[in-house]
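For reference, the structure discussed in these notes is given below.
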Amino acid sequence: MSTGQIATLVGPATVELQEYDVPEPGPGAVLLAVRRANVCGTDVHQWHYESLLLRDAGLGHEFVGEVVALGEGVSTDFAGEPLALGDRVVPVYYLTCHRCPPCLRSEFNLCQNGLAEWKLKPEVAPHFRSGFATHYYLFPGQYFYKVPDSVPDETVAGANCGLAQMLFTIDQVGLAAGETLVVQGAGGLGLYAAAVAHERGARVIAIDGVPERLELARAFGADETVSLADFPESADRVARVQELTGGVGADLVLEVTGVPASFVEAIDLARVGGRIASVGNLNAEATVTMTPGFVTRKSVHIHGVLRYHPWYLHQAVQFLARRQHLHPFEAFSDRSYPLAEVTDALKAGESRSVARVAIVP
Ligand SMILES: [Zn+2]
Ligand SMILES: [Zn+2]
């Protein structure tokens with residue numbers, strides 16, 4: 001029996017490469033070899049022990065893999081496409097139990113058992129439940145979709161987190177042609193949001209502090225950019241967005257920074273009666289001071305959006321096949337590290353200098 005490796009969190013900001021036997025997939029399961037995994041902002045937070053549930057777990061959830069073994073009864077992906085050894089697939093990184101209260105309300109993105117496997121220590125068989133690893137075990141019922149040959153690994157590696165998340169978020173909160181979207185943060189999520197909003201005919205204003213990311217935002221369909229270097233104060237950024245929207249404000253403000261203060265700023269950036277999508281802030285302990293009266297007076301609608309309905313990953317793959325030639329999706333992961341250098345990859349991901357760094361095991 002051959003062995004594989006998995007990057008396991010064993011303490012705050014402490015990762016260990018552990019080695020385990022590569023499992024045979026049971027009935028309904030699929031074994032993948034990981035081809036390319038991105039370092040997402042959430043991985044950096046998990047690395048710093050900010051996820052209570054995933055403190056002893058493996059790291060990595062944004063990746064593309066290749067089918068190396070099919071369990072009994074598996075002959076297609078979750079769109080009915082025939083599946084064979086060697087096919088590239090992207091997995092939904094959480095489970096949907098179809099039995100818990102959120103699943104019974106068809107809120108599959110909120111499944112209470114979504115992390116039931118991932119949260120386990122990798123020493124528990126079948127070991128490979130996360131993406132910074134040589135292998136990944138797809139459990140029975142875990143959604144996954146085949147990647148068309150026309151879409152390269154570099155382009156599709158971020159589909160199962162960032163892109164699916166943005167397609168779902170924008171559908172949940174709504175964005176019509178001609179409306180203005182303000183994106184707070186032009187990292188992976190912000191760039192995907194710009195691309196999705198661009199296709200839907202909305203006007204996009206991206207806010208970020210890193211010049212290269214603002215440049216990328218334009219390449220992904222942003223019409224205007226607001227740099228934190230030029231507008232370091234919140235009030236100045238709000239004034240700039242007012243100016244860019246004829247004194248109206250944004251129809252939709254999308255928070256994908258993970259910076260608590262940006263939630264408060266979103267309320268100021270939104271127009272009267274506008275919408276706010278809170279996606280980036282996930283920390284359960286970070287706090288912020290705000291004036292609830294502004295929410296009432298402006299009648300803004302605030303939507304928290306966690307994860308996505310699994311089939312949005314299928315939409316994400318189709319979106320890339322359709323739109324990949326219009327935006328530099330491959331520029332998302334412009335720096336790659338071998339699995340043995342996972343800590344360096346996490347540090348580079350944390351520095352926020354590029355949209356994504358990748359691990360190529
Ligand atoms: Zn992610
Ligand atoms: Zn459930």
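In each ligand, atom 1 is the first atom listed, and ligand 1 is the first ligand listed.
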Q: Indicate yes or no: does Arg203 engage Asp251 in a salt bridge with an N to O separation below 4.0 Å.
A: no

Q) Can you tell me the angle formed at the Zn ion (ligand 2) by SG of Cys111 and SG of Cys100, to 10°? A) 120°

Q. For atom CZ of Arg322, is the number of surrounding heavy atoms from other residues, nucleotides or ligands below 6.0 Å larger than 12?
A. yes

Q.
Among Tyr312, Tyr308, Trp311, which residue satisfies the ring-ring contact (aromatic ring centres under 6.0 Å, His included) criterion with Phe168?
A. Tyr312

(Q) Quick check on side-chain contact (heavy atoms from CB on, under 4.5 Å): which of Val183, Leu228, Thr225 does Ile207 satisfy it with? (A) Leu228

Q.
Please give the atom name: the N, O or S atom of His61 nearest to the Zn ion (ligand 1).
A. NE2

Q. If you stand at the Zn ion (ligand 1) and look out to SG of Cys161 and SG of Cys40, what angle do those two lines make, to 10°?
A. 130°

